[in-house]
Amino acid sequence: MSTISHERPYGVGLAYRFSVHHESMKHKDEIDLLELSTEDYIVRERRIYSDPDEALLLDALANIPCVAHGLSLSIGTVEPLDEQYLKGTKEFLAKHDLSTFSEHLAYHRIDGNDLSMFLAMPFEEAAVQWVKQNYYATRREIGRPFALENVTYHFPVSNCSLGEADFLRRITEETDCTLLLDVTNVYNNSQNHGYDPIEFFDNLPMERVSQMHLAGGHQKPDGKWEDSHSEPVMEGVWPLFDEAVQRAENAEIVILERDSKLRPFDSVMTDIRKAREIFYKHKPETPGPKHDHQVTATPFEGIPEFEASEFSDLRGYQRSMMARITSDEFRKAFQEDPAKATAQFGLTDPEWIRRLTDSDGQSMWHFQDSWEYFQEDDKQVDEDYKKREWAMWAKQLD
Ligand SMILES: [Fe+2]
Ligand SMILES: [Fe+2]
């Protein structure tokens, strides 16, 4: 049982990784909070590899305030939500008394295919309305409001009627959610897609930002920035973070994300220390009274339930996009005659078809390559899992 409260974590912390558990605990005076990845616990294969009896998790929970972060919701997919995932998340949050949760504003799964990489939502009102529906369904299921994170996108959907900041604003207006502002994602998107990040902040409802992420990345040979989560935070991100902390008066949580190259751990702590210096330069040592968006989230009454059929264009767009990434046959048909190819997914609106034909071909290659890689990787993980499962059974029989 945990001995400290996870009711309202505050300050600067780290995305928790099993592999640096002991180092993290050793620095608990400087790590204000940990962000637990819910998938690590609700997907059995992962837990069984790294923390079979959850001893590390319980130790982390007993020592440092924790928040939870999900990865697999795919809130933007025009399909029913994954009930198993929601149930697992709800149980995990309840079991460990965690009150703060966040997920991503994106989609990555449709027609049974999961890309494991985020695709940008089209910045359109139809997408706002669909996300609103799924946000409320998720909130109802897990029993609490949660923050939505802005993602890095390899290519923006072209010809959309809203900009990204306006889209995020509309989402907060419709759902009453708060935002998890990933500052590295803003930096990367602004560099890769040529916009001014400060202007982006000007247009964003910064009072809605409740949490922030910082992560490291690198510039690829083609000049594009990637949030690989394997490097120290890039120099260009720090002034943006400073600006964001000043503007986001209600932000209480900052998490440094590092997934690999976690050693020497001092390089992680160097980023934590820099982030703390900036955070506490502008914020008090302890949080003030709760702000409106933490206290009064819109009640559920009066939230309309839509049918997926009302979003057939958005659904047709998403199915066609996924087919372009995962199917040679569809790619060929799409190249020959886009309208004929997308008609099989019920997509006939020329505006929506244009959003597909105008998407950056270079980025489509990136997704195709990654899809093939992940297919192979999944097979490998499956085999490893089976082997370990057998080994465990054999051990029990001994
Ligand atoms: Fe995230
Ligand atoms: Fe993030």
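Just follow the structure's listing: the first ligand is 1, and inside any ligand the first atom is 1. Computed from heavy atoms alone, side chains included, the values below leave out hydrogens, waters and symmetry copies.
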Determine which pairs satisfy side-chain hydrogen bond (donor to acceptor under 3.5 Å, both in side chains) with at least one residue from residues 331-343, sequence neighbours left out, and list them in order.
Asp328-Arg331
Between His366 and Lys220, which heavy-atom pair has the shortest distance, and what is it?
ND1-NZ, 4.5 Å
Could you pull out the N/O/S protein atoms under 2.8 Å of the Fe ion (ligand 2), ignoring any water?
Glu149 OE2, Asp182 OD2, His213 ND1, Glu257 OE1
Any side-chain donor-acceptor pair under 3.5 Å between Gln318 and Thr77?
no
Fit a plane to each ring of Tyr153 and Phe123, take the angle between them on a 0 to 90° scale, and name the class: parallel (under 30°), tilted (30 to 60°) or perpendicular (over 60°).
perpendicular
Please determine whether side chain to side chain contact (heavy atoms under 4.5 Å, CB included) holds for the pair Asp196 and Phe200, giving the CA-CA distance in whole Å, both sets of side-chain angles, and the decisive distance to 0.1 Å.
CA-CA 6 Å; Asp196 178 357; Phe200 178 79; over 6 Å; no
Quick one, Leu14 and Glu35 - any side-chain contact, counting heavy atoms below 4.5 Å?
no
